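One structure is given below, encoded as structure tokens.
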There are 2 protein chains.
Amino acid sequence: MNVQLLNKKEAIFESTLKLVNEYGFHGTPMSQIAAHANVATGTIYHYFSSKDELILELFKYCREKTNEHIFSFEEDLPYKEKFFYIWNRLVEYYVAHRETFWFIEQFYSSPYYELIKQKKTTYYGVDKMHLFFEEGIKSGILRNVSFYTLISVYIGAATSHVKMVTYGFCKMQAKGREELIEIIWNGVKNQ
Amino acid sequence: MNVQLLNKKEAIFESTLKLVNEYGFHGTPMSQIAAHANVATGTIYHYFSSKDELILELFKYCREKTNEHIFSFEEDLPYKEKFFYIWNRLVEYYVAHRETFWFIEQFYSSPYYELIKQKKTTYYGVDKMHLFFEEGIKSGILRNVSFYTLISVYIGAATSHVKMVTYGFCKMQAKGREELIEIIWNGVKNQ
DNA sequence: TGCACCCGAATGAACGTTCAATTGCTAAAT
DNA sequence: ATTTAGCAATTGAACGTTCATTCGGGTGCA
């Protein structure tokens, strides 16, 4: 697949991302996606077998791009710093790419997610987080609670914060972000 | 509006709730909603002027029902107990009414929410939470951080936990719930 | 008699997908 | 170097279906 093709596929991805944000999954006709991406309607079907497949592929694409960004730290940092770093990178990425964020949110809370939930293919991001939290527990830095508890606070607070910011509710982003990750740290650290 | 009518309107609500969970907003035809509610298609238009209005009304209906359940505590309980109580009530309600939960989630992350976001009508639930957190800060029990920070941890962790549970990821519900609210409390309490 | 409630077939627009035709590119054959 | 064959990429009009909404008529109660 040459550069031109990659460009077209990505143009379709980006157009879908933008339009789905504005009009929702089913409020976005294929014809509109095509027009926005400057391709013919039929061209989309050269790259994707159906609208559903397009949405699914776009979801994977968004998730991969997000992961690339948040797990890019020096391995020898102190644990606490990594804990703060990953969280901040995630929030920053989502705030800077809010269309990606909202697309993922929309996807997760729609029936689409059921289609890929069962797939046993260990999802990179979750695995990484699992290892990271395990490391913290084994070294006695984090309280010994279940992985799903940790993930709920860590990711739950992050996404809620991004929602507040993108809704325009939360004025002081930087301060709010610092307060938040510090609260989480206080909650999960030992003692 | 007599009882029979209330029943029909509620039947339409409940059918919409169920079907939207299964097929999404636009994957659910009005005809199917009508069939599931045992009314004629045209009858829905006697109660709602359009599909969008139905969805909007259902959203309000769900939010009201949820609020009724979580703010039903004795005012003279110690603050910490109220803090735990409200959170647990919310989680329990959502787990027991997961269709309501997922509908609200779907709504919030869809373009629908934009339609009602601007409305200045102070939303009951948020107001209640605002007052509750303010009380905690003024009495020195909670750390003095912004409302949006507190809401992000409190609600963010709750919804994440409900997602884990309803996805079937989180096996030990009760234990996970206790761990989680305790972590939040540790994070937001003073000292 | 009037009004609220209810019905479900009919309407017409919108949409996902298909397809026959065209272009552009690559590489083998001459 | 030129031709040729073949496949990938692209097009957008056409197709058939689906769906939100309408409407003319019906029922029962005040």
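Lettering follows sequence order; numbering is per chain, from 1. No experiment lies behind these values; they were computed from the predicted model shown.
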Using whole Å, what does the distance between atom [atom2] of nucleotide [N] and atom [atom1] of [X] come to?
{"X": "A:Asn7", "N": "D:dT10", "atom1": "CG", "atom2": "P", "result": "10 Å"}
{"X": "A:Phe48", "N": "C:dG16", "atom1": "CZ", "atom2": "P", "result": "15 Å"}
{"X": "A:Ile44", "N": "D:dG12", "atom1": "CD1", "atom2": "C1'", "result": "12 Å"}
{"X": "B:Glu53", "N": "D:dA20", "atom1": "CD", "atom2": "C1'", "result": "14 Å"}
{"X": "B:Lys9", "N": "C:dC6", "atom1": "NZ", "atom2": "P", "result": "12 Å"}
{"X": "A:His46", "N": "D:dA9", "atom1": "NE2", "atom2": "C1'", "result": "5 Å"}

**Report entry** A:Lys9 charged N/C atom sitting above A:Tyr47 aromatic ring, 6.0 Å / 45°
**Finding:**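 Not satisfied by the 6.0 Å and 45° rule.
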[X] has a side chain; which of [options] sits nearest to it?
{"X": "A:Ala40", "options": "C:dG16, D:dT10, D:dT11", "result": "D:dT11"}
{"X": "A:Tyr45", "options": "C:dG8, C:dT17, C:dC7", "result": "C:dT17"}
{"X": "A:Ser50", "options": "C:dC6, D:dT21, C:dT17", "result": "C:dT17"}
{"X": "A:Thr43", "options": "C:dT18, D:dT21, D:dT10", "result": "D:dT10"}
{"X": "B:Lys51", "options": "C:dC7, D:dT21, D:dA9", "result": "D:dT21"}

Query - Pair A:Arg143 + B:Glu179, salt bridge at N-O below 4.0 Å - result: no
Query raised in the report: Would you call A:Glu114-A:Lys117 a salt bridge at under 4.0 Å N-O?
Result: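 A salt bridge links A:Glu114 with A:Lys117.
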Query - B:Thr100: partners by side-chain hydrogen bond (donor to acceptor under 3.5 Å, both in side chains), with sequence neighbours left out - result: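 Testing B:Thr100 for side-chain hydrogen bond (donor to acceptor under 3.5 Å, both in side chains), a comparison that skips the adjacent residues, returns none.
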Query raised in the report: Listed by chain and number, what are the side-chain hydrogen bond (donor to acceptor under 3.5 Å, both in side chains) partners of B:Ser31, not counting sequence neighbours?
Result: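 In terms of side-chain hydrogen bond (donor to acceptor under 3.5 Å, both in side chains), with neighbours along the sequence ignored, B:Ser31 is linked to no residue.
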Query raised in the report: So, is B:Tyr47 close to the C:dC6 phosphate, meaning a side-chain N or O under 4.0 Å from OP1 or OP2?
Result: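 Yes, such a contact exists.
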Requested in this report: Verify the ring-centre separation between A:Tyr108 and A:Phe59: is it less than 6.0 angstrom?
Outcome: yes
Requested in this report: Would you please indicate yes or no on a ring centroid separation below 6.0 angstrom for B:Phe133 and B:Tyr154?
Outcome: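 Between B:Phe133 and B:Tyr154, which both carry aromatic rings, the centre distance is below 6.0 Å.
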Report summary line: Expected list for residues 13-34 of chain A near DNA chain C, using heavy atoms below 4.0 Å, is A:Thr28, A:Pro29, A:Met30
